[in-house]
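Report on the following structure.
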Amino acid sequence: MAIRQLEREFPNAIWHSTFYTEDPRMRRFAVVSVYDMIAEKFFYFDSTLVEQVQQKRKCFVHAEAFLAISDSTADDFTQFGEGSNRPLFVAKLGADHLCHSENSEMLLTENYCLFVGARGAYKNFLCLLDATTKPEWPQWLKVKVAGSDFGYAERNLIRAKGLQDRFENVGRVTDKELGHLYSSASCFVFPSLAEGFGLPIVEAQLRGTIPVLSDIPVFREIAADFALFFDPVSPSSLARAVSQATMMHDRKTFIDQGRQHSALFRWNKTSEATLDCYAKMSRSVS
């Protein structure tokens with residue numbers, strides 16, 4: 001009933017599927033946000049990803065246009081042959097929800113590196129665990145983990161590796177708390193095998209942290225030259241990159257350049273790119 005009423009009042013309205021929800025009208029006046037093609041690439045990690053692939057495909061079939069969150073995601077989307085002959089736009093994400101604080105420049109760097117977010121499958125958290133056991137890892141440096149609490153299997157693995165004193169889970173945090181964690185960290189580590197954008201990268205740069213990142217195309221796109229990169233299948237490579245971040249002689253200059261780079265990513269720019277997509281779609285269906 002509600003859908004039919006909306007169709008009568010807004011016959012040419014655009015349906016924007018922000019996370020793979022099908023347009024109930026089953027018409028091609030729809031745009032789909034494409035966050036990544038990770039489910040297509042890493043379905044063998046988790047059987048539920050197969051269901052996501054199928055759901056995404058249903059949305060893609062009925063879409064008039066697509067809105068990717070990075071150039072790399074747009075390339076992946078095209079590689080899988082999706083959306084052929086239909087417009088593909090890019091609206092990169094912003095980081096200014098974690099506004100730069102002048103006080104952050106007065107915070108003392110503490111002896112920890114920071115990991116933020118989920119830890120399963122392609123997030124490659126195991127590489128970070130193993131990196132801390134390598135001789136290249138700074139022995140004084142601990143790891144703070146922001147996100148869900150460690151589960152039984154994770155606690156068991158950390159205990160088996162003898163890393164109980166090296167890893168601290170700070171749980172889920174507010175934006176204010178997260179900003180403080182970034183600002184006072186020696187570095188931020190992002191070991192993912194794949195991402196659609198990498199929002200924590202620009203959050204870290206904005207709050208004055210050196211990002212230590214997997215050497216994958218999307219991270220090169222987002223971080224540019226203002227991060228240190230490592231081989232995501234080599235714990236020793238990660239350990240060396242972290243050591244380099246903590247001993248960087250031009251640390252302040254590097255951080256300042258990263259903060260300036262983060263200014264490229266603002267939510268108002270995301271909005272403008274999204275509205276541009278809508279405008280071009282409206283002209284095509286009017």
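We're numbering straight along the sequence, starting at 1.
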How many angstroms lie between atom CG of Asp36 and atom CZ of Phe42, to the nearest 0.5 angstrom? 10.0 Å
Ring centroid separation for Tyr122 and Phe45, is it under 6.0 angstrom? no
Co-membership, hydrophobic cluster, residues Leu93 and Val34, 4.5 Å side-chain: yes
Heavy atoms, side chains only, cut-off 4.5 Å: are Ile14 and Ser282 in contact? yes
Nearest atoms (heavy-atom pairs only) where Pro232 meets Asn124: O-ND2, 2.7 Å
Joint hydrophobic cluster, Phe19 plus Phe60, side-chain heavy atoms closer than 4.5 Å: yes
If two hydrophobic side chains count as joined below 4.5 Å and joins carry through other members, does Leu163 share a cluster with Leu157? yes
Donor-acceptor under 3.5 Å (Gln139 side chain, Trp137 main chain): yes
For a ring pair (Phe, Tyr, Trp, His ring centres under 6.0 Å) with Tyr182, tell me which candidate from Phe115, Phe188, Phe190 qualifies. Phe188
So which atom in Ala131 and which in Ala239 form the shortest heavy-atom distance, rounded to 0.1 Å? O-CB, 3.6 Å
Identify whether Val170 and Phe167 are in the same connected component of the hydrophobic contact network (ILVMFWY, side-chain heavy atoms under 4.5 Å). no
Is the closest basic N to carboxylate O distance between Arg119 and Glu154 below 4.0 Å? yes
Within the structure provided, determine whether Phe226 and Pro211 are in side-chain contact (heavy-atom separation under 4.5 Å). no
Which pair of heavy atoms, one from Glu40 and one from Lys56, lies closest together, and at what distance? OE1-NZ, 2.9 Å
Between Arg251 and Ser186, the two heavy atoms sitting closest are NH2-O, 2.8 Å
If we ignore hydrogens and angles and just use 3.5 Å, is the side chain of Trp15 paired with the main-chain N or O of Thr21 as donor and acceptor? yes
Can you measure from OG (Ser243) to CD (Glu136) and round to the nearest 0.5 angstrom? 8.5 Å
Between Arg207 and Leu98, is there a donor-acceptor pair closer than 3.5 Å when you use the side chain of the first and the backbone of the second? no
Looking only at atom types and distance, does a side-chain atom of Ser214 sit under 3.5 Å from a main-chain N or O of Ser192, one as donor and one as acceptor? yes
Closest approach of Ala223 to Ile201 (non-hydrogen atoms, all atoms of both residues): CB-CG2, 3.8 Å
How many angstroms lie between atom CG of Asp76 and atom OG of Ser70, to the nearest 0.5 angstrom? 7.5 Å
Would a 4.5 Å heavy-atom cut-off, applied to side chains only, mark Phe150 and Val145 as touching? yes
SB check Asp165 Lys142 (cutoff 4.0 Å): no
Quick one: are the ring centres of Phe265 and Phe197 less than 6.0 Å apart? yes
Counting only heavy atoms not in Tyr152 (residues, nucleotides, ligands), do more than 12 fall under 6.0 Å from its OH? no
Calculate, to the nearest 0.5 Å, the distance between atoms CZ and OG1 belonging to Phe77 and Thr73 respectively. 10.5 Å
Given the ring of Phe229, does Arg220 sit roughly above its face, with NZ or CZ under 6.0 Å from the centre of the six-membered ring and within 45° of the axis? yes
So do the side chains of Thr274 and His16 get within less than 4.5 Å of each other, counting heavy atoms only? yes
Taking side chain as C-beta onward, heavy atoms only, is His97 less than 4.5 Å from Trp267? yes
Worked verdict on Val242 versus Leu238 for side chain to side chain contact (heavy atoms under 4.5 Å, CB included): CA-CA 6 Å; Val242 166; Leu238 170 51; 3.9 Å; yes
Could you go through Ile216 and Leu193, starting from their C-alpha distance and side-chain angles, then the distance that decides it, and tell me whether this counts as side chain to side chain contact (heavy atoms under 4.5 Å, CB included)? CA-CA 7 Å; Ile216 57 177; Leu193 298 172; 6.0 Å; no
First locate atom CD of Gln257, then atom NE2 of His261, and finally report the distance between them rounded to the nearest 0.5 Å. 11.5 Å
Close side-chain approach of Leu228 and Gln244, heavy atoms under 4.5 Å: yes
Sidechain N-carboxylate O distance under 4.0 Å for Arg57, Glu82: yes
Carboxylate-amine/guanidinium contact Lys280 Asp276, below 4.0 Å: yes
Can you name the closest pair of heavy atoms from Thr209 and Ser183 and give their distance? OG1-N, 4.0 Å
Is any side-chain heavy atom of Lys92 closer than 4.5 Å to a side-chain heavy atom of Glu221? yes
Group every Ile, Leu, Val, Met, Phe, Trp and Tyr by side-chain heavy-atom contacts under 4.5 Å, then state whether Ile69 and Leu264 land in the same group. yes
Quick one: OH on Tyr44 to CG on Leu49, what's the gap to the nearest 0.5 Å? 10.5 Å
Less than 4.5 Å apart, any side-chain heavy atom of Ile210 and any of Ile255? yes
I'd like to know if the side chain of Arg172 reaches the main chain of Gly147, judged simply by a donor and an acceptor atom lying under 3.5 Å from each other, with no hydrogens or angles considered. no
Evaluate Glu195 against Phe219 for side chain to side chain contact (heavy atoms under 4.5 Å, CB included), listing each step before the verdict. CA-CA 8 Å; Glu195 292 289 342; Phe219 285 179; 3.6 Å; yes
Begin with the C-alpha distance, continue with both residues' side-chain angles, and end with the deciding distance and a verdict on side chain to side chain contact (heavy atoms under 4.5 Å, CB included) for Lys41 and Ile38. CA-CA 5 Å; Lys41 290 181 175 181; Ile38 292 173; 5.6 Å; no
